[in-house]
2 protein chains.
Amino acid sequence: MYSIGDLSRRTGVKIPTIRYYEQMGLIAAPERSEGNQRRYEKRELERLAFIRHARDLGLSIESIRDLLALSQHPERPCGEADRIAKEHLITVREKIAQLQKLERELERIVACNGDHTIGDCYVIRALADHSMCGTDH
Amino acid sequence: MYSIGDLSRRTGVKIPTIRYYEQMGLIAAPERSEGNQRRYEKRELERLAFIRHARDLGLSIESIRDLLALSQHPERPCGEADRIAKEHLITVREKIAQLQKLERELERIVACNGDHTIGDCYVIRALADHSMCGTDH
DNA sequence: TCCAAATCTATAGCTTCTGGAGCATTAGAT
DNA sequence: ATCTAATGCTCCAGAAGCTATAGATTTGGA
């Protein structure tokens, strides 16, 4: 039996976050001690670790809910789980591409060395005038 | 004189967002028409375009507030503006690196082709068992 | 037994918007 | 001048995913 604090330490999920996940229905409401404190079993530790890992990978609460539901049915085909992961991979790749565009833009903007005044600062001017951009965004 | 709708069309910032920026103090409360509608000048159009551009580059409202304050003082040295942009570039690069780690992880996980069952699905197992990961996160 | 640490509930706040309800104003056509 | 469709107003709630606070209670160890 783990207290909520134990669970938090073992999974790295903060205590209020565990309670939040319970509220969101990602984990079931656990048994309570005589004094009404949450008491968890190993099963719930594993489930929370699963959630933590998926969150670390950037999956949304919604996707995780779906994956957890799927994992309750080991006999079903896994195409759906595969689809969720693949879809997420696509969004991750899009995000990377987007950020790399920003990186290039910022690199150009930051080329100013800070030894002059705001009046002719490239950072400020570049932000004020979109037409100075190299890429579209 | 622009109405809020004009401003929105010209800058690509949605109307409620413009009102939100006003509330947040990024743009000043403009003049009003007799009937209490917002009426903007070119100055405010430019300021909003600046904000839009900076947001597109991912700068926080706080950073933008600072940059706008700086731009009011063209005679001051621009080291601070430079610092804000450089700092942002660093966080962008960190985000990219983080996402690339996730990309590699997801690529490995997704290698499953969806033609079997949940019971032995690599997606599900990889999420359940952190030790299957190639990288730390 | 006593006390500090942990936990409880309920609620509000964070960030950056976005959307809706219900009503008022405006611009353009007639 | 009048009508009407589009636009604007304020206020409030919600989205995502937590985080923090307050004030009360429970727990575990000395």
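Chain A is the first sequence line, chain B the second, and so forth, proteins listed ahead of strands; every chain is numbered from 1. The model shown is predicted, which means the values in this text are computed figures rather than measured ones.
Cluster annotation: B:I27 and B:M1 are assigned to distinct hydrophobic clusters (Ile/Leu/Val/Met/Phe/Trp/Tyr, side-chain heavy-atom contacts under 4.5 Å, transitive).
In this structure the side chain of B:Y2 never reaches within 4.5 angstrom of the side chain of B:R38, judged on heavy atoms. Between B:E94 and B:I90, some side-chain heavy-atom pair lies under the 4.5 Å cut-off.
One interatomic measurement links the two molecules: CD of A:Q23 to C1' of C:dA12, which rounds to 13 Å at whole-angstrom precision. C:dT16 atom C1' lies 13 Å from atom CD1 of B:I51, rounded to whole Å. Between the P atom of D:dA6 and the CD1 atom of B:I15 lies a distance of 14 Å, rounded to the nearest Å. The interatomic distance linking B:L26 (CG) with C:dT16 (P) rounds to 9 Å, in whole Å. When rounded to the nearest whole Å, the span between CD of A:E22 and C1' of C:dT9 equals 12 Å. Rounding to whole angstrom units, CZ of residue B:R32 and C1' of D:dC9 are separated by 8 Å. Between B:I4 atom CD1 and C:dC17 atom C1' there is a gap of 14 Å when expressed in whole angstrom units. In this structure, the CD atom of A:E31 is 17 Å from the C1' atom of C:dT7, given to the nearest Å.
By the 4.0 Å N-to-carboxylate-O rule, B:R65 lies close enough to B:E62 to be salt-bridged with it. With respect to the salt-bridge test (charged N to carboxylate O, under 4.0 angstrom), the residues B:R10 and B:D6 do not qualify. Remark: A:E107 engages B:R93 in a salt bridge, criterion side-chain N to carboxylate O under 4.0 Å.
Remark: A:G5 in residues 5-13 of chain A come within less than 4.0 Å of DNA chain C through at least one heavy atom.
Interatomic distance, A:R55 CZ to A:Y21 OH, rounded to the nearest 0.5 Å: 5.5 Å. Rounded to the nearest 0.5 angstrom, A:R9 CZ and A:S3 OG are separated by 6.0 Å. One finds the CZ atom of A:R47 at 11.0 Å from the CD1 atom of A:I64 (value rounded to the nearest 0.5 Å). With values rounded to the nearest 0.5 angstrom, B:K101 atom NZ is found 13.5 Å from B:E103 atom CD.
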All N/O pairs under 3.5 Å across the protein-nucleotides 27-30 of chain D interface:
from   : atom 1 : to    : atom 2 : distance (Å)
D:dT27 : OP1    : A:S33 : OG     : 2.7
D:dT27 : OP1    : A:G35 : N      : 2.8

Could you go over nucleotides 11-18 of chain D and give all protein N or O partners under 3.5 Å, atom names and distances?
from   : atom 1 : to    : atom 2 : distance (Å)
D:dC18 : OP2    : A:Y21 : OH     : 2.8
D:dC18 : OP2    : A:R55 : NE     : 2.7

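Not one side-chain nitrogen or oxygen of A:R38 sits closer than 4.0 Å to the OP1 or OP2 atom of C:dT7.
When all heavy atoms of A:L70 and A:I84 are compared, the pair lying nearest together is CD1-CD1, 4.3 Å.
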